[in-house]
Amino acid sequence: MTASTGPTTADVLTDEAHRHYRENGFVRIPQVLSPSETERFRTASEELIGRHGPEIWGAGADEVQVHFVAQAWLKHEALRELALHPAITGIATRLAGAPLRLYSTDILLKPGRKDLNTLPTLVHDDETGLPLDGLEKTLTAWVALVDVTVEQGCLSYVPGSHLRDAEHRQTHMTSFAEHRAIEDIWPDYSSRPRVTVPLKAGDVAFHHCRTVHMAGPNLTDAPRMGHGIVYMDAGATYRPGTEDAHISHMTPGDPLDNEKFPLV
Ligand code: AKG
């Protein structure tokens, strides 16, 4: 089975959705994946987590923000198809309005409460943690592989935060020890509304790399299973940063124009 049988970009990305993304820095696109594709990608994700074991983001001994498997697309054929799915990459490219490359794909699992306590996901934007320069259009596709309710820890976004001035953005971190609370960097943050975006299985929410976002804990017994796929500006270059073990052999300023970062 190939992943190219789903809806096309034109079917799912309306002008209104595009405008919403430009103004707010995020948008939910319903049912980008068919039920059978969603099921297949969920099964593949469960297999990979079972085989590989999850890595942990923001962990204590028995509490985590997110369990993940990094670069899932290089570890499972079906998840390669998900990362390069024409409907997802088509929407991403149209939202960006510029050529993009695949940067990374992570399985993002908040286990159900019966397995482990999960914590809220840190308030952050994605640019801060990416070891890249030249991220004007870079965005993340958050793919729901189950229904993701508020109680299960769906994402919330601060509308328009992708347009805030550079002085109100965190500079790139080279370690999470440097992470500063958003309130300290952007005084407006506390008075800005947030929009919480529950998803149905098969929906994809896209957010710009400067959009401030967060997620709640999973308060249910059912695992919250999604994928975060980062599509970067095609001309982005390497800048040493936090999450760069897979590219730290590169020289700062190098373009990421090789088969590990395909154009989409
Ligand atoms: C992202 O995809 O950018 C996230 O921050 C994901 C966080 C989460 O899934 O809780």
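Hydrogens, waters and symmetry mates play no part in the numbers below; they use all other heavy atoms, side chains included. Whatever order the structure lists them in is the order used to number ligands and atoms, beginning at 1. Fair warning: this is a prediction, and the values are worked out from it, not measured in the lab.
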Considering only heavy atoms of [X], which atoms of ligand 1 have at least one such atom less than 4.0 Å away?
{"X": "Asp126", "value": "3 (O)"}
{"X": "Ala215", "value": "10 (O)"}
{"X": "Lys110", "value": "10 (O)"}
{"X": "Leu108", "value": "2 (O), 6 (C), 9 (O)"}
{"X": "Arg224", "value": "8 (C), 9 (O), 10 (O)"}
{"X": "Val66", "value": "8 (C), 10 (O)"}
{"X": "Thr140", "value": "2 (O)"}
{"X": "His213", "value": "1 (C), 3 (O), 4 (C), 5 (O)"}

| Between Ser156 and Met214, is there a donor-acceptor pair closer than 3.5 Å when you use the side chain of the first and the backbone of the second? | no
| task | Kindly check if the number of other-residue, nucleotide or ligand heavy atoms within 6.0 Å of NZ (Lys75) is above 12? | result | yes
Does some side-chain heavy atom of [Y] sit less than 4.5 Å from a side-chain heavy atom of [X]?
{"X": "Ser248", "Y": "Tyr238", "result": "yes"}
{"X": "Arg169", "Y": "Arg164", "result": "yes"}
{"X": "His67", "Y": "Pro111", "result": "yes"}
{"X": "His162", "Y": "Phe26", "result": "no"}
{"X": "Leu33", "Y": "Ile88", "result": "yes"}

| Contact between Met214 and ligand 1, counting heavy atoms under 4.0 Å? | no
| field | Residue, atom name and distance, where the atom is the protein heavy atom closest to atom 2 (O) of ligand 1 | value | Trp142 CD1, 3.4 Å
| Of Ile107, Thr121, Thr211, which has the heavy atom at the shortest distance from atom 7 (C) of ligand 1? | Thr121
| field | Nearest neighbour of atom 5 (O) of ligand 1 from the list His124, His227, His207, His67, on a heavy-atom basis | value | His124
| task | Indicate whether any N or O donor in one side chain lies under 3.5 Å from an N or O acceptor in the other, for His213 and Asp126. | result | yes
